[in-house]
Student: 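Pasting a structure here, questions to come.
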Amino acid sequence: MQPIFVGDVQGCADELDHLVDRARGEFGDRFELWLVGDLINRGPGNLRALRRVRDLVEERGARYVLGNHEVALLRTAAGLRSLGPRDTLGDVLSAPDADEWIEWIRRRPLAVVGALGEHPFAMVHAAAHPDWSLAELATRAHRVSAHLGGDDRADSERFLALDPELDPERDDLDRLTRCRSVTMSGRWTQEPPEDDTRPWHEEWARRDHGYGIVYGHWSLQGLHVAPWLRGLDTGCVHHGRGRDGMLTAWLPDPESKTPFDLPDDHIWQIPAARVYYDF
C-alpha cells in the first residue's frame, strides 16, 4: 500500500478530488489516505470534502484526525462560539443531517500512531509537547478523544466548555490542534514565534525522540520537510492572498526502511483551483 499524507483541505473539495483521482490513476486501489485535520472551513466545499473522506474512512480505512476547525465546528454546534466572518461552516450546520455529521466528527481521533519502515510516527493536526514520548502523546490524545467522542454528547459539550487554563486535558486538546510556538519550558501559543518563543518542532527536535510527526495547521510556515518531521499545510484555501495556495501530499516510499530521511522529494502539490476569499 502507498501511504498518502494530506495537508489541510479546509473545504477545497475540488483539489481533494483531484488528489484522490490522481492517486487512483497511479496506484489503483493500492493506496491509503492519511489526513492531518482541518478538512473543513474557509473554503466552500465542506460537505463534499466530508462525504469524500467519510467514504474513504469507512470503505478503505483512511485515517483522519481532528484539527482546530473541526473543534470550532463542534463548539459552534454546542453554542460555545458564534460563526465569524471567515467561517464557512454554515453548509454543515444547516444540513438536514447536521447532527449525524457532528456525531461522526466528534468521534474522530486527535492522533494516529503507526510505523513507516523502521520509523514509528504520529499524525496530529498541529503539534506535540516537546517532552512527550510517542507513548505519552498517544495516551494524552486518547484521553481527550474519550471526552469528545463518548456516548453522551452533553459530556462532550461540557468538556469543550472547560477553561484550558484550568483543565490539563482541555489544554491538551488545544495544544494538539492549535499550537505553533513554545517557550523553552514548554508553554505553548498559537502565534508564530516571537522573542521568547520558538517553533514547537524545534524544541521537540532537540529532544531526539526517535519518532516522526506528520502535521498541518501552519500555512504561513508552508511545506516543512526536516528530519523526523513533515509539515503539510501549504494554504490551499489562502490562494491569492499574496501567495500561491496548494493542497500538498507526502507519499513516503513504502519500501524504504527510513522514510523520514533527507533528501525527500516524495511530494505532490495540487494548485488551488481559484481564489477562495478576499480579506
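Any value given below was found using the heavy atoms of this structure, including those in side chains, with hydrogens, waters and symmetry copies removed.
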Student: I'd like to know if the side chain of T234 and the backbone of M246 have a donor-acceptor N/O pair within less than 3.5 Å.
Tutor: yes
Student: Are Y277 and V9 in one and the same hydrophobic cluster, where Ile, Leu, Val, Met, Phe, Trp and Tyr link if side-chain heavy atoms are under 4.5 Å apart?
Tutor: no
Student: Would you say D233's side chain and G216's backbone share a donor-acceptor pair under 3.5 angstrom?
Tutor: no
Student: Report the relative orientation of the aromatic rings in H125 and H217; use parallel for angles under 30°, tilted for 30 to 60°, perpendicular for over 60°.
Tutor: perpendicular
Student: Is the ring centre of H119 less than 6.0 Å from the ring centre of W228?
Tutor: yes
Student: First locate atom CD of E169, then atom CG of L148, and finally report the distance between them rounded to the nearest 0.5 Å.
Tutor: 10.5 Å
Student: Could you go step by step and tell me if D174 and R75 meet the salt bridge (Lys or Arg N to Asp or Glu O under 4.0 Å) rule?
Tutor: CA-CA 13 Å; D174 279 1; R75 294 185 69 240; over 6 Å; no
Student: If the test is side chain to side chain donor-acceptor pair (under 3.5 Å), which one of E70, R54, R108 qualifies with Y64?
Tutor: E70
Student: Any side-chain heavy atom of P3 sitting closer than 4.5 Å to one from L116?
Tutor: yes
Student: To the nearest 0.5 Å, how far apart are NE2 in H129 and CG in D172?
Tutor: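 Nearest 0.5 Å value for the NE2-CG distance: 9.0 Å.
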Student: Can you spot which of F260, F31, W250, W268 makes a ring-ring contact (aromatic ring centres under 6.0 Å, His included) with F5?
Tutor: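 The single option meeting the ring-ring contact (aromatic ring centres under 6.0 Å, His included) with F5 is W250.
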Student: Are V144 and L162 connected, step by step, through hydrophobic side chains (Ile, Leu, Val, Met, Phe, Trp, Tyr) whose heavy atoms are closer than 4.5 Å?
Tutor: yes
Student: Within this structure, what is the NE2-CG distance for the pair H224 and L229, rounded to the nearest 0.5 Å?
Tutor: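 Atom-to-atom, H224:NE2 and L229:CG are 5.5 Å apart.
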Student: Verify the neighbour count for atom CZ of R30: are there more than 12 heavy atoms of other residues, nucleotides or ligands below 6.0 Å?
Tutor: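 Counting other residues, nucleotides and ligands, CZ of R30 stays at 12 neighbours or fewer.
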Student: Roughly how far apart are D261 CG and S256 OG, rounded to 0.5 Å?
Tutor: 6.5 Å
Student: Are I40 and L80 connected into the same hydrophobic cluster when the rule is that any two of I, L, V, M, F, W, Y join if their side-chain heavy atoms are below 4.5 Å apart?
Tutor: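 L80 and I40: one cluster.
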Student: Does any N or O in the side chain of D87 come within less than 3.5 Å of the main-chain N or O of L89, such that one atom is a donor and the other an acceptor?
Tutor: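 No, because the side chain of D87 does not come within donor-acceptor range (under 3.5 Å) of the backbone of L89.
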Student: Name the one of Y211, W132, Y215 that satisfies ring-ring contact (aromatic ring centres under 6.0 Å, His included) with W204?
Tutor: Y211
Student: Look at the side chain of R206 and the backbone N and O of E202, then say whether any donor-acceptor pair between them is shorter than 3.5 Å.
Tutor: no
Student: Would you find a donor on one side and an acceptor on the other, under 3.5 Å apart, between the side chain of D167 and the backbone of R170?
Tutor: yes
Student: Evaluate whether atom CD of E58 has more than 12 neighbouring non-hydrogen atoms of other residues, nucleotides or ligands under 6.0 angstrom away.
Tutor: yes
Student: Is there a side-chain contact between P259 and D253, using heavy atoms and a 4.5 Å cut-off?
Tutor: no
Student: Return the minimal non-hydrogen interatomic distance between A128 and L137, and the atom names on each side.
Tutor: CB-CD1, 3.5 Å
Student: Might you point out which heavy atoms bring P130 and V182 nearest each other, and give the distance in Å?
Tutor: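 So the two residues come closest at CG-CG2, 4.1 Å.
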Student: Taking the six-membered ring of Y276 (Phe, Tyr or Trp), confirm whether the NZ or CZ of R241 is under 6.0 Å from its centre and within 45° of its axis.
Tutor: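 The answer is no, since R241 fails at least one limit relative to Y276.
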Student: Check the pair L73 / L93 against side-chain contact (heavy atoms from CB on, under 4.5 Å), numbers first and verdict last.
Tutor: CA-CA 8 Å; L73 173 66; L93 293 167; 3.6 Å; yes
Student: Any side-chain donor paired with an acceptor under 3.5 Å for T76 and R81?
Tutor: yes
Student: Between R178 and P164, is any pair of side-chain heavy atoms under 4.5 Å apart?
Tutor: no
Student: Looking only at side chains, do H239 and E15 share a donor and an acceptor under 3.5 Å apart?
Tutor: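 No - no donor-acceptor pair under 3.5 Å links their side chains.
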Student: Applying the 4.5 Å side-chain criterion to the ILVMFWY set and letting contacts propagate, would M1 and L33 be lumped into a single cluster?
Tutor: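 Different clusters: M1 never reaches L33 through Ile, Leu, Val, Met, Phe, Trp or Tyr contacts under 4.5 Å.
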Student: Under the salt bridge (Lys or Arg N to Asp or Glu O under 4.0 Å) criterion, do R48 and D17 qualify, and how do the steps go?
Tutor: CA-CA 9 Å; R48 273 181 55 205; D17 286 345; 2.5 Å; yes
Student: Does N68 reach the side chain of Q190, with side-chain heavy atoms less than 4.5 Å apart?
Tutor: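 Contact flag for N68/Q190 side chains = no.
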Student: Could you see if L262 belongs to whatever hydrophobic cluster contains F121? Use Ile, Leu, Val, Met, Phe, Trp, Tyr and a side-chain cutoff under 4.5 Å.
Tutor: yes
Student: Taking all atoms of both residues into account, what is the closest heavy-atom pair of W200 and C179, and its distance?
Tutor: CB-SG, 3.9 Å
Student: Looking only at atom types and distance, does a side-chain atom of T88 sit under 3.5 Å from a main-chain N or O of G43, one as donor and one as acceptor?
Tutor: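 A pair under 3.5 Å: yes.
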Student: Side chains of Q10 and H238: closer than 4.5 Å at any heavy-atom pair?
Tutor: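 Counting from C-beta outward, Q10 and H238 do come under 4.5 Å.
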Student: Could you walk me through whether D264 and R230 pass the side-chain contact (heavy atoms from CB on, under 4.5 Å) test, one step at a time?
Tutor: CA-CA 10 Å; D264 183 358; R230 297 296 184 270; 3.0 Å; yes
Student: Side chains of N46 and N41 only: does a donor on one sit below 3.5 Å from an acceptor on the other?
Tutor: no
Student: If I compare all heavy atoms of W218 with all of S181, which pair ends up nearest, and what's the gap?
Tutor: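 Taking W218 first and S181 second, the nearest heavy atoms are CH2-OG, 4.5 Å.
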Student: If you round to the nearest 0.5 Å, how far is SG of C12 from CG of D38?
Tutor: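 Rounded to the nearest 0.5 Å, the CG-SG separation comes to 11.0 Å.
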Student: Are L110 and V124 side-chain neighbours, meaning at least one heavy-atom pair lies under 4.5 Å?
Tutor: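 Result no, sub-4.5 Å side-chain heavy-atom pair not found.
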Student: Does D29, at its CG atom, have more than 12 non-hydrogen atoms belonging to other residues, nucleotides or ligands within less than 6.0 Å?
Tutor: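 It does not: D29 CG has 12 such atoms or fewer within range.
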Student: Assess whether salt bridge (Lys or Arg N to Asp or Glu O under 4.0 Å) is satisfied between E157 and R153, documenting all intermediate values.
Tutor: CA-CA 6 Å; E157 294 176 348; R153 180 167 162 182; 3.3 Å; yes
Student: Grab the two heavy atoms, one from T197 and one from P193, that are nearest each other, plus how far apart they are.
Tutor: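 Result for this residue pair: OG1-CA, 3.3 Å.
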Student: Are L232 and W34 packed together at the side-chain level, in the sense that at least one heavy-atom pair is separated by less than 4.5 angstrom?
Tutor: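 The answer is no; the side chains never approach within 4.5 Å.
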Student: What distance do L66 atom CG and T177 atom OG1 have between them, rounded to the nearest 0.5 Å?
Tutor: 8.5 Å
Student: Hydrogens and angles aside, do D171 and W188 bring a side-chain donor and acceptor to less than 3.5 Å of each other?
Tutor: yes
Student: Report yes if the side chains of L35 and L56 come closer than 4.5 Å at any heavy-atom pair, otherwise no.
Tutor: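 The answer is no; the side chains never approach within 4.5 Å.
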